[in-house]
Amino acid sequence: MPLFFNPLEAAAHRLSIAPPMFDYFNTLGLHALVAAARLRVFDALRERPSTADALATTLTIDPRTAEVLLRVLAGLGYLRVKGGRYRLTRTSRTWFTTDSPTSLVAGLEFWERTACVIWPRLGEAVRDGSPVTPFYELLESDAALSRSFQAWTAALARRQAPATARIIPVPRDGGHVLDVGGSHGLFSVELLHRHPGLRATVLDLPQALEAAADHPRLTLRAGSFLDDDLGEGYDVALLFNIVHGLDDQEAAKLFARVAAALNPGGAIVIGDQFSDSLMPGRASRTLLDLLDLNYRVATGGRVRDFREVARMLRAAGFDRPRHRRPLRSVVTEFAVAVVKSPSRP
């Protein structure tokens with residue numbers, strides 16, 4: 001949560017009366033958030049508001065430092081305080097209590113490692129344009145980091161899956177879905193709940209599949225979607241949060257291989273961010289640019305605009321690419337296209 005300026009603070013920032021320290025303070029805010037989650041501050045406040053002293057006793061932590069931490073969390077918008085008693089905001093209750101279905105607590109290690117291990121080498125990546133850390137290789141070699149990354153993506157998927165499933169074109173008589181790099185498989189499971197005749201296969205690396213959901217019509221297949229055979233006879237292929245991690249050559253090759261794996265008229269559904277999307281303001285635009293920079297630093301990929309993705313899909317043998325923006329899927333938009341029929345030029 002960013003710091004909120006009042007008019008006086010905003011003016012001081014614009015006129016450079018004060019030094020530009022807010023980005024530094026926001027970095028400290030990340031560590032305050034992670035510490036609070038690990039100390040179970042949000043869980044302790046889930047049932048009832050509490051004073052700093054009472055919370056410190058419950059959690060066996062230092063009361064003086066706890067008071068300062070709680071004030072910081074309130075200033076960042078994660079807590080409210082009234083009469084010396086702290087309570088959760090909707091944000092903290094939704095995302096940072098461990099019993100919430102969309103809890104990000106297990107995924108905080110991923111972002112902490114990203115901010116503190118990968119991003120300090122940003123200068124190297126900017127200098128030569130290459131990722132400083134082979135991110136997916138790192139995930140496969142580091143079980144704890146992989147679990148945290150999958151927990152992060154699964155929490156977002158639980159929020160988005162119902163809205164996403166409504167825009168995916170599934171044959172009336174069922175069929176077979178290929179979930180490329182689907183790890184947790186939650187998007188596929190949502191489709192299976194909606195379509196009793198449907199089957200789904202998730203293809204991902206072994207570490208990623210450890211987080212996969214269980215369903216009798218869901219098959220887990222360990223492998224690399226960049227190198228291993230995808231199979232054939234699929235009616236729908238899902239590529240969610242995959243394309244931004246690929247360079248142009250890898251993405252073009254994958255699109256062509258997915259087209260070959262689909263039945264005639266089969267659909268590809270790409271869930272990602274697109275750089276030509278309308279943004280509600282500068283903060284949203286900057287967040288997208290930061291994500292773009294993160295993909296370049298960590299994977300060598302990037303955020304593409306929808307028109308570029310559409311051109312790549314057509315070159316790979318797809319037809320009629322469409323840009324979809326379902327409600328309740330704020331951080332992910334979709335490109336949907338179908339394999340050209342043999343009768344079409």
Side-chain angles (χ1 to χ4, degrees), residues 104 107-157 179-184 187 202-211 222-228 230 237-258 268-277 286-306 308-309 312-313 316 331-335:
L104 297 178
L108 287 176
E109 181 179 348
F110 160 66
W111 281 112
E112 185 180 40
R113 292 273 294 275
T114 297
C116 301
V117 177
I118 297 177
W119 268 66
R121 301 180 65 186
L122 173 62
E124 299 174 41
V126 173
R127 185 177 297 112
D128 61 19
S130 300
V132 295
T133 303
F135 180 67
Y136 294 109
E137 293 179 19
L138 179 61
L139 287 182
E140 194 61 14
S141 64
D142 188 328
L145 182 62
S146 179
R147 284 193 297 270
S148 183
F149 175 70
Q150 303 307 333
W152 167 269
T153 59
L156 296 181
D179 196 343
V180 178
S183 61
H184 47 70
F187 291 106
V202 176
L203 173 63
D204 211 332
L205 296 172
Q207 287 277 16
L209 291 180
E210 290 185 5
S224 168
F225 58 76
L226 291 177
D227 303 312
D228 294 339
L230 300 180
L238 309 181
L239 281 72
F240 289 176
N241 298 305
I242 293 298
V243 177
H244 65 233
L246 307 178
D247 62 32
D248 291 346
Q249 184 177 358
E250 290 171 331
K253 180 181 177 182
L254 179 60
F255 289 169
R257 294 173 63 232
V258 169
I268 185 173
V269 183
I270 296 170
D272 221 305
Q273 299 90 41
F274 298 119
S275 59
D276 53 351
S277 296
T286 302
L287 177 59
L288 184 63
D289 289 337
L290 284 169
L291 284 173
D292 192 358
L293 199 58
N294 185 59
Y295 300 149
R296 293 170 188 265
V297 172
T299 70
R302 61 190 176 90
V303 174
R304 297 169 173 85
D305 63 43
F306 171 76
E308 182 179 2
V309 172
M312 296 174 72
L313 288 171
V331 297
T332 303
E333 299 179 3
F334 299 88

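Side chains included, hydrogens not; waters and symmetry mates left out as well; all remaining heavy atoms used.
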* Asked: Can you list the steps and then say if Phe149 with Phe135 is a ring-ring contact (aromatic ring centres under 6.0 Å, His included)?
  -> CA-CA 11 Å; Phe149 175 70; Phe135 180 67; 5.4 Å; yes

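- One finds a salt bridge joining Asp142 and Arg113 here, because a Lys/Arg side-chain nitrogen approaches an Asp/Glu carboxylate oxygen to under 4.0 Å.
- One distance of note links OG of Ser224 with CG of Leu203; it measures 7.5 Å at 0.5 Å rounding.
- When all heavy atoms of Phe225 and Leu230 are compared, the pair lying nearest together is O-CD2, 4.0 Å.
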* Asked: Going through the distances and angles, do Leu104 and Phe110 end up as a side chain to side chain contact (heavy atoms under 4.5 Å, CB included)?
  -> CA-CA 10 Å; Leu104 297 178; Phe110 160 66; over 6 Å; no

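- For the pair Ile270 and Leu313, the minimum side-chain heavy-atom distance is below 4.5 Å.
- Distance CD/Gln273 to CG/Leu288: 6.5 Å, rounded to 0.5 Å.
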* Audit row: Glu210, His184, side chain to side chain contact (heavy atoms under 4.5 Å, CB included) steps and yes/no -> CA-CA 8 Å; Glu210 290 185 5; His184 47 70; over 6 Å; no

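- Between the CG atom in Asp272 and the CD1 atom in Ile242 there is a gap of 8.5 Å [rounded to 0.5 Å].
- Heavy atoms only, all atoms of each residue included: Val202 and Ser183 are closest at CG1-N, 3.6 Å.
- The closest donor-acceptor contact from the side chain of Arg257 to the backbone of Ala252 lies at 3.5 Å or more, if one exists at all.
- The shortest heavy-atom contact between Val303 and Phe274 is CG1-C, 4.0 Å.
- Between Gly301 and Arg296, the shortest heavy-atom distance links the atoms O-CG, 3.1 Å.
- Atom CE of Met312 and atom CZ of Phe255 lie 5.0 Å apart (nearest 0.5 Å).
- In this structure the side chain of Phe240 never reaches within 4.5 angstrom of the side chain of Thr332, judged on heavy atoms.
- When all heavy atoms of Phe306 and Asp276 are compared, the pair lying nearest together is N-OD1, 2.9 Å.
- Here His244 contributes atom NE2 and Thr299 contributes atom OG1; the two are 6.5 Å apart, rounded to the nearest 0.5 Å.
- In this structure, the separation between CG on Asp179 and CG on Leu239 is 8.5 Å, given to the nearest 0.5 Å.
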* Would you please test Asn241 and Thr153 for side chain to side chain contact (heavy atoms under 4.5 Å, CB included) and show each step? => CA-CA 9 Å; Asn241 298 305; Thr153 59; 5.9 Å; no

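- Using a cut-off of 4.0 Å between Lys/Arg side-chain N and Asp/Glu carboxylate O, Glu124 and Arg121 are scored as salt-bridged.
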* **Derivation and outcome, side chain to side chain contact (heavy atoms under 4.5 Å, CB included), residues Leu238 and Phe334** => CA-CA 10 Å; Leu238 309 181; Phe334 299 88; over 6 Å; no

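- Side-chain atoms of Glu333 and Ser277 include a donor-acceptor pair closer than 3.5 Å.
- The minimum heavy-atom distance between Ser146 and Ala208, with the atom names listed, is OG-N, 4.2 Å.
- The residues Arg304 and Asp248 are annotated as salt-bridged, a charged nitrogen and a carboxylate oxygen being separated by less than 4.0 angstrom.
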